[in-house]
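Beneath this line is the structure, given in structure tokens, with notes to follow.
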Amino acid sequence: MGLTNTPSDLLPGTLELLILKALASGPKHGYDIVEHLRVTSRDVLHVGESALYPALQRVLLNGWATAKWGVSEANRRARYYTLTPAGRRQLAGERAEFERMVRAIQHVLEAT
Amino acid sequence: MGTWIRRLAYFLTHARRDAELREEIEAHRSMRQSDLEQRGLTASDAAGASRRAMGNVLLAREEAHDIWRWPRFDDLVRDVRSAIRGLRSARAYTLGSFASLSLAFATLAIAIAVLNAYLFRPLPYPAADRLSRVSYAAPGQPEPQQMRLDWSALTDVIEQPLPTGVDLFYLTGGQYTTTVGGLRVAPDALPLLGARAARGRLLTASDIGDRVAVITDSLWRTRFGADPNIVGRTFEAYSANAATPTETIRIIGVLTPDFWPMREGTEIVVPLDPRARAYLVRLKEGVPPQQAARRITEAIRATAAGLPQDWAGVRVERLQESYVVGIRPILNAMAVVVGLGSVLVCLNVAMLTVLRVVRRQKEVAVRLALGARRSHVIRMIGTEATVLCVAATMTGLIVAHHALPLLANPLQQQLGVAVPGGAAALTIDARTVLAVSAIGVVAAVVLSVVSMALVRWHTLSQSLGPGPSTDSAPRWSGVRATLLSLEIAGALALLVGSGLMIRTISNLVRTDLGFDTADVVRAHLVLPAQRYRDPAALAAFYDELTRQMNGRARAMAMTNFTSFYEPQKHPVEVEGRSADARAGVIAISADYFSVLGMHVAGGRPFGPGDRFGTEPVAIVSESLAARLWPGQIAVGQRIRTAEQLTAGAPLGAWRTVVGVVSDVKQTHEDIDALDVYLPLFQTPNRFVSLFIRTDRSGPQWLDVLRDIVGAVDPEVTIDSSRALASEAAARLAVRRFLRFLLVALSIFTTALALIGVYAVMAYAVEQRRREVAIRLALGATARSINGMFFKQATRVLAAGGCMGVLGAVGVTNVLHTQIYGVDRFDWSILSASGLLVAVMTYATAAVPARGVARLSPTAVLRSE
């Protein structure tokens, strides 16, 4: 996973959705986001750092989050990302669209 | 929009953001390493594992950077940087092209600024496009006298009549009487001309008939010392036109500095009765001047009595058009010359660009071989031309911006018409920048297209292989030859045009006026109207002045006419015949001819006996005598003519011709010498010019004259005192300056054409080195080699010469119709210009040809 730039089991654009969801519970730095996704996905999603940072740049470019340098719990300098109102709206919209896609796929799989 | 702004912010701070991303990724790795160490790995193992977990960090940073990029903008920045590097490596091409393009754009900017200031930008008045001048008679014809016009019946075409009149005020009360221009205007017309009061107030209807005035900001500062209590102050003055005694005039306001009175020198504005004849009107919105003219003419015909039978009606002309009508032809000619010169410059740069692209064929081939996309290479080549044009456009605008203030006054003098709004209005404004930038864009597009089209023709195998170079392919040499021919044609057309104008100006400068200006000082006097109403009073002044001048000067003459102006032409009737000539009529004193060195060819000059009440006499010029009495003696004949300076003045008494005098030119442009001279004492005038033969300078005589004239009448105004020779030179100074500019333009355009010829010939010679070496090895002589290139130059010269002759005919026709005095077509100028271009072309082409003819064939073939 870490040697590739895009997790092969994530649909395109999904990583940004997961990042926005991770930030919904409060500001986080990059390592926090990766660990949050690993833990909440019960160790299924391992996001490579080399995939994470381009995705974080897309989030910043679209104004869905802002970034600011701070100090972590381990007293290290880290860059914290905070969800913006536009990001919250994007999260709600993307989530609704993702769930619609999932239901559609489920219908296909359950069809006889 | 937010994304755009964020991208822009990233572009401006990308170095810092790249550094932050590096730090952030390293911090992330460090946290992972700490976690792994906490799980039991050693520091080195944790470090290695964390680095592996990060993956390809460099690729991640590049992908992160790519997300912020504007691909097209980044490409543009890269292309511009590459273009600048390329231009820096080709110094000769860059400097030559940049300098000539910058000069062309600067000249264009100046020309466009002048055209804009005079022709395109509205006059500085509200609703200036509706302000129109009304003429009640044709030029030179008297106006209808019994004309009653009810403007209230013309409200369908006229929004507001603006009665105005020009006047001259003589301000007394100081050490000397001084003159100041004046404007009489109906009070409600003043705001419609954009007037605003900086201090006090403007004129109102209640001021009509009162002795009040509004003054300009400049008069407030120069004469009244910017007195903050100016409102309410008074000054003593009398009017030239109103013929009133000296009056006390109260100042009620000061105009803002931006008010433009149109007539230079206007400093005082006084009320005019609104019932006065209006020569200025504001038309109704959407009403064309012709419609207004028809309506006004109908209204006058319906109510006026005693209209002349040949009265042609009223003419209404937009104020701006009437203001520039006299100079429009010369502005058009200027535009043609500047435009042609700029095209020539662009042609020259295009040719140099073609040569440069041709030289870069191998570089292009290498880039393509290394994987560069063809579109990218083409774009890179085109960007060079664009960068050059953009830099030259900006430089040209900056140069023009600094040059315009220096050129404003000479330009206004040459045109004889002030810039609307004042000299400060002659500036590089937004419209000029836009126009020049648009031309710069067109030039950039043309040069880029030429460059890119040439690169598209190139193929990899043709440039790298040992086969014949595509440089000698017909279409390449055809492009070069065509451009060179066009350049020679343009240079020839410009040389012919410049030559015609230079000759016209030289003839003008060398014109023999026919009278002697050396050691003569000219001064103007104005006698107050209220005390010099009758001929006896005027004659008494002339006699006393003459007596006072006795012994103070070598000689003095008086006339009612100023120097270097064309007198009004009046019909001259011969007794027993109808009028068949028009002549200038000038009243002079007895010493006039001797002071100015004019020769009395027959009869006698005027004498002390030719006074008011004696037999009316006249003297005619030789040309007029030959016209009126061919083959006969003029002395003793009888004529009559108008005896006042104004157009349409009635004919005076019959006069006996007592003398014939040599022809003179009243101005350098005077084309006929038909003049009638009358004795000043028989037609006295309160406007007098003195011609004093003296050793002293003009300014020295001003002080002396003030004392002398003051002893006769202290209220007489002396308006300047200047040496006649320096006045003549000043009239020609601007024309000499223009001649200098034309010579410089001719040299510049010829030099440009020769640079192009040399560049093309040098390149053509270089391409045929191998061929020349083989010919020399096989026994050809240097003469035959030179002849080979001579033929090549002749073909280009012939094509360029044919096109140049057509262009020269066109330019000559334009100049002939637009500028007075320029001949329609002149074979001598064309032949001389053609010979010059041919000789210079062959001489320039011979330089590289002779060089290659002297080469050692063995050395050339070995190096190949």
Side-chain angles (χ1 to χ4, degrees), chain A residues 1-8 12-13 15-16 19 27-39 43 45-81 84-87 89-90, chain B residues 1-39 41 43 45-71 73-74:
Chain A
M1 172 77 75
L3 291 176
T4 60
N5 289 328
T6 309
S8 57
L15 184 52
E16 286 82 8
I19 290 171
K28 292 181 176 55
H29 53 67
Y31 189 66
D32 266 351
I33 293 171
V34 167
E35 286 301 296
H36 174 85
L37 292 178
R38 184 183 65 77
V39 166
D43 221 21
L45 296 179
H46 291 254
V47 178
E49 281 76 356
S50 53
L52 172 71
Y53 284 97
L56 280 173
Q57 298 304 308
R58 272 191 288 274
V59 167
L60 286 177
L61 173 64
N62 288 299
W64 297 333
T66 55
K68 196 173 165 185
W69 285 97
V71 179
S72 69
E73 309 81 21
N75 213 24
R76 290 171 191 271
R77 198 168 126 87
R79 202 164 179 223
Y80 283 82
Y81 292 83
T84 63
R89 289 192 295 274
Q90 181 69 14
Chain B
M1 175 66 80
T3 308
W4 194 90
I5 293 171
R6 280 187 286 274
R7 271 209 166 103
L8 183 63
Y10 178 85
F11 173 73
L12 296 172
T13 57
H14 71 90
R16 178 174 61 82
R17 296 210 187 188
D18 281 348
E20 283 180 348
L21 184 61
R22 266 200 307 274
E23 184 185 352
E24 185 181 357
I25 292 176
E26 175 55 25
H28 186 130
R29 187 208 63 76
S30 173
M31 287 182 208
R32 182 171 288 283
Q33 180 181 338
S34 299
D35 263 357
L36 290 173
E37 284 177 15
Q38 280 173 8
R39 289 182 201 170
L41 263 66
D45 288 345
S50 67
R51 271 195 284 276
R52 283 193 297 276
M54 294 300 289
N56 192 337
V57 170
L58 185 61
L59 194 57
R61 277 172 39 208
E62 283 196 6
E63 284 188 11
H65 175 74
D66 284 347
I67 285 163
W68 291 96
R69 281 180 65 228
W70 274 304
F73 182 72
D74 281 359

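Side chains included, hydrogens not; waters and symmetry mates left out as well; all remaining heavy atoms used. Residue numbers start from 1 in every chain, and the chains themselves are labelled A, B, ... in the order their sequence lines are given, proteins ahead of strands.
B/A27 and A/R77 get closest at one heavy-atom pair: CB-O, 3.8 Å. Annotation for B/I67 and A/L61: closest pair O-CD2, 3.5 Å, computed over non-hydrogen atoms. The minimum heavy-atom distance between B/H28 and A/L52, with the atom names listed, is CE1-CD2, 3.9 Å. Across A/P54 and B/A60, no two heavy atoms sit closer than the pair CG-O, 3.8 Å.
The side-chain heavy atoms of B/R32 and A/E35, taken from C-beta on, include a pair separated by under 4.5 Å. Taking 4.5 Å as the limit, every side-chain heavy atom of A/Y53 sits out of range of all side-chain heavy atoms of B/E63.
Chosen from B/R17, B/E23, B/R7, the residue pairing most often with chain A at heavy-atom distances under 4.5 Å is B/E23.
Contacts between A/R76 and chain B at a heavy-atom distance below 4.5 Å involve the side chain alone, from C-beta outward. With a 4.5 angstrom heavy-atom cutoff, B/E62 does not touch chain A via any of its atoms. Proximity to chain A is limited to the side chain of B/L21, based on heavy atoms less than 4.5 angstrom apart.
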Given the rule in the side chain to side chain contact (heavy atoms under 4.5 Å, CB included) test, do B/Y10 and A/L60 qualify, once you have shown the distances and angles that lead to the verdict? CA-CA 11 Å; B/Y10 178 85; A/L60 286 177; over 6 Å; no
